[in-house]
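Below, read A as the first sequence line, B as the second, and so on, with proteins coming before strands; counting in each chain starts at 1. Everything quoted here is computed from the prediction, not taken from an experiment.
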There are 2 protein chains.
Amino acid sequence: MDPRIELRHLRYFLAVAEELHFGRAAQRLHIAQPALSQQIKQLEKIVGVELFRRTSRNVRLTDAGATFQPRASDLLSRLAADLDEAGRVGRGEAGRLDVAFITSATSIVSERLRAFSRRRPDVQVKLHGAFTVDVLTALERGTADVGIVRDAEERDGIALFPLTSEPFVGVVPADHPAAKGERLEAAALAADPLILFPRSAGPHAFDVNTQPLRDAGVEVQVAQECSNWHTIILLVAAGLGVTIAPYSVTTLLPAGARRLELDGPPRTSQIFMATRRGDERPLVRAFLTASET
Amino acid sequence: MDPRIELRHLRYFLAVAEELHFGRAAQRLHIAQPALSQQIKQLEKIVGVELFRRTSRNVRLTDAGATFQPRASDLLSRLAADLDEAGRVGRGEAGRLDVAFITSATSIVSERLRAFSRRRPDVQVKLHGAFTVDVLTALERGTADVGIVRDAEERDGIALFPLTSEPFVGVVPADHPAAKGERLEAAALAADPLILFPRSAGPHAFDVNTQPLRDAGVEVQVAQECSNWHTIILLVAAGLGVTIAPYSVTTLLPAGARRLELDGPPRTSQIFMATRRGDERPLVRAFLTASET
DNA sequence: CGGATCCATAGGTTCAGCTTATTGGTGGAG
DNA sequence: CTCCACCAATAAGCTGAACCTATGGATCCG
């Protein structure tokens, strides 16, 4: 396209097309009439056809001008809308936010999302459930803007913000010897097969989780890995083993499973929000600070 | 919308957004780097948000910039298409043409339209079947660009171009006394009820049509008006009267009707193309001159 | 025929966008 | 740690395009 053409030409053209009078159109544009004549002539030279048929008495649109008028008008209003949209995105009032989170923190995410969506109704939030490691790599790759992880270690390029913490609890089958009491000594699990989240899904979280066992001198031997807490609890209830889990995944226990407080120094699972370090985008900041009114 | 914004800003923005490098983008735009920096900064001031995040090491799009990029690109290509369209309309290669025509000349219109459409496939032709008077007023009002009429009189503001002519013929029921011969003396119709097109649909055409009768001293008394030649012929075939018609509407005669040549000086119906006088639009000229290859 | 109207042209002016030169900040190599 | 290469921002002056005023030429009207 001819790079000489500018929006000025379109604005001037539209003014003349609406007024059908160079003098009045020039007045509306706050310029003198000759300047307008010149610019229109230049536009016609660029397009290669007459857009107006002028006599010294009146001005009419040619067919070419008549077809161009609505398009030019449309173009300008589109541009206005696009600029406005860009402004809103820049101010964090609109746009899209990718949130990656560990599935065991779904309730926290949905609560935060509700608060956030109320404040930024024009922001489209996309949720990606995943493991802690995948959440962090999604952040690093730029696939996600905000992450929610459990017991992550500080690392380069990722900023962590603690959200809440919850205790670890033991979960045993109802017919387990320890199931009669309210509390559980970690050592009592020494003989039972352990069912746990794969360490690869979140090494640090795994280590924090299993620390009570090591503290009690129990060697951590995972009998069964499972990457879904709900399933793990069901396996325990079925009598296939025992586990240590963050409290929140044990709120709804099936019959056949018992939750037991852990003895010893209190151990908690920490839930963090994570962003790329230095990501100061208003949408990201807004999500970090959004909480229920 | 801020009238300071110009297409230059969009072009420069897109160059930087694609190169992510002010130096290279400036090179591509054939300007110096500082000029580009200034224009981008000005654009950002107009929009009110940062579009690029620059370090002295690299350039990245902000969220606002990323949303704006495809829209700006789309805008420019739309404009290019619109300018091209306007140019094609101006040169008569595209656009829309309204053709009003008398229904009794449908075959002529369709023939002409076929020739025209082959040459101007991007022109959308709209056909309006009507009476001669309505065709002419449509032209005058600008509702139609080209008209096809029968036996019209010259009048102000309308230019007429003869297309073809055809003889008038008499049409009588098969059991009419004159039906035995090949030729018809107009005076022989004196006693029969006349079925004719309404004079109001085209006064001059009506007068030309009925002149053979007046020449023969027959007083023209219309027994039945009908504004559709096909129907008139059917009425004749049904024995309700006689008529004088342009030859072409009698090509397919129903049983019960006979076509007879008229005695006396040859009378013909003239078919014209009509335009507004001084309408030199290329599409109109092209339709006037289009004929089968 | 004189006056009013309106678009085009002519010629001078001004400022926006361009130029070159330079600064300042960052990252990588020695 | 220093030096250098790289890159965007800034500074300051220049140039041309868009603008101005004044005028010309055409058409319509009283």
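Here D:dC19 presents its P atom at 11 Å from CZ of A:Arg11, a figure rounded to the nearest Å. As rounded to whole Å, 14 Å separates atom P of C:dT9 from atom CD1 of A:Ile40. When rounded to the nearest whole Å, the span between CZ of B:Arg54 and C1' of C:dT23 equals 17 Å. The separation between A:Arg53 atom CZ and C:dA8 atom P is 12 Å, rounded to whole Å. One interatomic measurement links the two molecules: CG of B:Leu36 to P of C:dT20, which rounds to 14 Å at whole-angstrom precision. Atom CD in A:Gln27 sits roughly 12 Å away from atom P in C:dC7 (whole-Å rounding). Atom CZ of A:Arg4 is separated from atom P of D:dA18 by 10 Å (rounded to the nearest Å). Distance, B:Ile5 CD1 to C:dA16 C1': 16 Å, rounded to whole Å.
Between A:Phe13 and A:Phe68, the ring-plane angle classifies as tilted under the 30° and 60° cut-offs.
Of the candidate nucleotides D:dA8, C:dT19, D:dA5, D:dA5 has the atom lying nearest to any side-chain atom of B:Arg57. Between C:dA8, C:dC18, C:dT20, one nucleotide has an atom nearer to the side chain of A:Ser37 than all others, and that is C:dA8. Distance from the side chain of B:Pro34 is smallest to C:dT20 among D:dC19, C:dT20, C:dG17. Ranking D:dC19, C:dC18, C:dA8 by closeness to the A:Lys41 side chain, first place goes to C:dA8.
The closest donor-acceptor contact from the side chain of A:Arg88 to the backbone of A:Leu83 lies at 3.5 Å or more, if one exists at all. In this structure, B:Thr143 contributes its side chain and B:Leu139 its backbone to no donor-acceptor pair below 3.5 Å.
Nearer to the 5' terminus of DNA chain C, by closest-nucleotide assignment, is the contact made by A:Gly23 (compared with the other of B:Gln38 and A:Gly23). Residue order along DNA chain D, read from the 5' end via each residue's closest nucleotide, puts A:Glu6 first among A:Glu6 and A:Thr55.
Nucleic acid contact class of B:Phe52 (heavy atoms, under 4.0 Å, all strands): none. B:Gln42 comes within 4.0 angstrom of the backbone, heavy atoms only, and of no base.
Rounding to the nearest 0.5 angstrom, the gap separating the CG atom in A:Leu288 from the CZ atom in A:Arg285 is 5.5 Å.
Between the base of C:dA8 and the side chain of A:Gln33 there is a donor-acceptor pair shorter than 3.5 Å.
The shortest distance between the side-chain N/O atoms of B:Gln39 and the OP1/OP2 oxygens of C:dC18 is below 4.0 Å.
Between A:Gln27 and A:Glu19, every side-chain heavy-atom pair lies at or beyond the 4.5 Å cut-off.
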